[in-house]
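I have placed the structure first, in the form of structure tokens, so that the comments after it can refer back to it.
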Amino acid sequence: MKFNGETATAFADDDEDGDCVEKEDDLILIKSPVSPPQPKRIVVGYALTSKKRQSFLQPKLLDLARNKGIVFVAIDVKQPLSDQGPFDVVLHKLTGKEWGHIIEDYRQKNPNVIVLDPPDSIKHVSNRQSMLQDVADLNLPDCYGTVTVPRQLVFTKDPLSLPDEVTKAGLKLPLVAKPLVVDGTAKSHELFLAYDKFSLAKLEPPLVLQEFVNHGGVLFKVYIVGEFIQVVRRFSLPDVCKRELSKFAGVFRFPRVSCASASADGADLDPSVAELPPTPLLDMLARELRNRLGLQLFNVDIIREYGAKDLYYVIDINYFPGYGKMPGYEHMITDFLLSLGERKHKKELLS
Ligand SMILES: O=P(O)(O)O[C@@H]1[C@@H](OP(=O)(O)O)[C@H](OP(=O)(O)O)[C@H](O)[C@H](OP(=O)(O)O)[C@H]1OP(=O)(O)O
Ligand SMILES: Nc1ncnc2c1ncn2[C@@H]1O[C@H](COP(=O)(O)OP(=O)(O)O)[C@@H](O)[C@H]1O
Ligand SMILES: [Mg+2]
Ligand SMILES: [Mg+2]
């Protein structure tokens, strides 16, 4: 097409790849796309137990993710991981040493893939002693309250020597006895409340014996997803009074109260018990723990000592917890995955 002695061009239809084909007489020029670049699709491979798949990959998460260009792809653990993908992000929560080796090897060979989270960091929080060590070492400024851990003793020997060990360590009754290692089994969540130290001999080591802290029967679960934080209230064990302690003896198994999806958020609670920990305190705690633990997906169980307004105890840290119970979790997860995709994309452009 000629116009004023100059060559004018007209766009033909977009081709399949979005490149534009420009026709000029019998000359065909291929031009780069004129529309802004489309955001990259994020492919998330996941290796999860069937229980976790059901609770985490709910339709509301999958739908929102699809709308935001995030696709979830199941990893086949029976096939080599390197033959699958390519993935931008890998989410995993499976137990066993073998899986740990597979994922570590994959991480090393694929440094551009974001693996959530590193197996060594997960192992660190699967032991009830090491998981709290980082909290004990924190030394956060006290301006919004004090964060510490209950006094505790790790016991791995003959159970008959337990009462003596408890006396030597100077631990105060009652005690919570917890299996040392958390491995995803129901047994690793079988906890006991001990009213006297002699009955402890009935329990099976390795154990962590932790001083019970009265906290008004409410626990705060702080869910962390990268830089996002959300806190919910859950029901917990009731306080133990001195009279009760002098009246009873024995060890009592107690149910997983705080794990139940029933939230204590709407309950009619004593305001001094229900008041959430200050946001700046939780922000600081989450940031420090994320860095120290090297984890992005975890939650922290916190209690506040009854009658001591600003004294907080971290009692448990869980890797990749039950996010599906958290209201609006699908937004937090998809926003986080998008931020990872963006970070990965920028890194690739620079390399
Ligand atoms: O399944 P859920 O939703 O009860 O999640 C469990 C968590 O509950 P929470 O979100 O803290 O209320 C649970 O937290 P708690 O230890 O109960 O505080 C654990 O993280 C559990 O994993 P594992 O058995 O320790 O490997 C989590 O189990 P998995 O989902 O990882 O199997
Ligand atoms: N030191 C403690 N003082 C008071 N209550 C506790 C203490 N430790 C645990 N609990 C209660 O027991 C529940 C389970 O203990 P936790 O350490 O969180 O184990 P799990 O990993 O099985 O959730 C807590 O949610 C809380 O209700
Ligand atoms: Mg817990
Ligand atoms: Mg736990």
Side-chain angles (χ1 to χ4, degrees), residues 46-58 60-61 91-97 99-100 103 116-117 119 121-135 149-150 152 176-193 206-208 210 212-213 215 217-225 228-237 253-265 277 282 285-286 289 293 295-304 312-330 332-333:
Y46 63 87
L48 303 170
T49 60
S50 59
K51 174 190 168 223
K52 195 72 172 173
R53 276 202 304 270
Q54 280 204 347
S55 71
F56 182 69
L57 296 174
Q58 293 175 28
K60 60 181 174 190
L61 173 65
L91 290 180
H92 69 107
K93 186 171 181 183
L94 294 177
T95 47
K97 264 191 194 151
W99 175 253
I103 202 82
L116 301 172
D117 276 303
S121 305
I122 297 172
K123 194 157 180 260
H124 188 71
V125 294
S126 71
N127 176 302
R128 295 189 191 269
Q129 181 185 32
S130 51
M131 71 161 72
L132 296 189
Q133 193 52 52
D134 291 276
V135 182
V149 296
Q152 66 176 36
V176 187
K178 311 182 183 187
L180 178 62
V181 176
V182 187
D183 56 8
T185 59
K187 200 162 168 51
S188 64
H189 295 287
E190 254 182 30
L191 272 57
F192 295 84
L193 191 59
L207 290 169
V208 165
Q210 202 174 77
F212 181 88
V213 178
H215 55 281
V218 171
L219 167 123
F220 306 104
K221 258 189 195 279
V222 186
Y223 285 91
I224 292 142
V225 178
F228 301 89
I229 301 176
Q230 195 162 322
V231 57
V232 296
R233 291 182 196 89
R234 291 275 176 82
F235 291 111
S236 179
L237 293 182
R253 194 174 144 194
F254 59 86
R256 292 186 73 183
V257 261
S258 70
C259 180
S261 52
S263 150
D265 277 335
L282 297 183
L285 179 68
L289 286 181
L293 299 171
L295 291 175
Q296 310 245 36
L297 300 177
F298 62 105
N299 76 3
V300 183
D301 291 352
I302 300 182
I303 54 179
R304 178 173 47 221
Y312 296 92
Y313 290 86
V314 171
I315 53 169
D316 188 22
I317 300 179
N318 303 295
Y319 170 62
F320 201 154
Y323 290 116
K325 289 182 211 160
M326 207 173 58
Y329 86 107
E330 66 277 21
M332 198 162 162
I333 299 289

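Just so you know, ligand 1 is whichever comes first in the structure, and atom 1 is the first atom listed for that ligand. Quick note: numbers below take in every heavy atom, side chains included, and nothing from hydrogens, waters or symmetry partners.
- The OG atom of S130 lies 9.5 Å from the CD1 atom of I317; values are rounded to the nearest 0.5 Å.
- Taking the side chain as every heavy atom from C-beta outward, V225 and L297 approach each other to under 4.5 Å.
- When all heavy atoms of F298 and L293 are compared, the closest pair comes out as CE1-CD1, 4.2 Å.
- Taking both residues in full, the closest heavy atoms of L282 and I229 are given as O-CD1, 3.9 Å, listed atom of the first, atom of the second, then distance.
- Close contacts between ligand 1 and K51 involve ligand atoms 1 (O), 28 (O), 29 (P), 30 (O), 32 (O) [criterion: under 4.0 Å to a heavy atom].
- Contacts with ligand 1 closer than 4.0 Å are made by no heavy atom of D183, backbone or side chain.
- Here the closest heavy-atom approach between residue V208 and residue R128 is recorded as CG2-CB, 3.9 Å.
- Below 4.0 Å from some heavy atom of R234 lie the following atoms of ligand 1, by number and element: 12 (O).
- Remark: ligand 1 atoms within the under-4.0 Å shell around heavy atoms of K52 are 29 (P), 30 (O), 31 (O).
- Residue H189 places a heavy atom under 4.0 Å from ligand 1.
- Distances from the Mg ion (ligand 4) show that D301 has no N/O/S atom below 2.8 Å.
- Here's the thing with T49: none of its N/O atoms is less than 3.5 angstrom from an N/O atom of ligand 1.
- Counting the atoms of ligand 1 from 1 in the order shown, those under 4.0 Å from a heavy atom of K325 are 2 (P), 3 (O), 4 (O), 8 (O), 9 (P), 10 (O), 12 (O).
- Note: no N/O pair closer than 3.5 Å links V182 and ligand 1 by distance alone.
- When all heavy atoms of K60 and Y329 are compared, the closest pair comes out as CE-CE2, 3.7 Å.
- Annotation: side chain of P179 is in contact with side chain of L191 (closest heavy-atom distance under 4.5 Å).
- Annotation: T185 places no N or O atom under 3.5 Å from an N or O atom of ligand 1; distance criterion only.
- In this structure, the ring of F56 has its center no less than 6.0 angstrom from the ring center of Y46.
- Within the listing of ligand 1, atoms 9 (P), 10 (O), 12 (O) sit less than 4.0 angstrom from a heavy atom of Y223.
- If you check each of K221, K93, K178 against atom 21 (C) of ligand 1, the one with the closest non-hydrogen atom is K93.
- Under a 4.0 angstrom heavy-atom cut-off, Y323 registers as lying outside contact with ligand 1.
- Within the listing of ligand 1, atoms 15 (P), 16 (O), 18 (O) sit less than 4.0 angstrom from a heavy atom of D316.
- Its N, O or S atom nearest to the Mg ion (ligand 4) is what matters here, and for D316 that atom is OD2.
- Annotation: the span from I333 atom CD1 to Y223 atom OH amounts to 11.0 Å, rounded to 0.5 Å.
- Taking only nitrogen or oxygen atoms, main chain and side chain alike, N299 reaches within less than 3.5 Å of ligand 1.
- No side-chain N or O of D183 forms a donor-acceptor pair with one of T95 less than 3.5 Å apart.
- With a 4.0 Å heavy-atom cut-off, ligand 1 is reached by no atom of F56.
- Looking at V300, V135, L219 one by one, the single match for side chain to side chain contact (heavy atoms under 4.5 Å, CB included) with I315 turns out to be L219.
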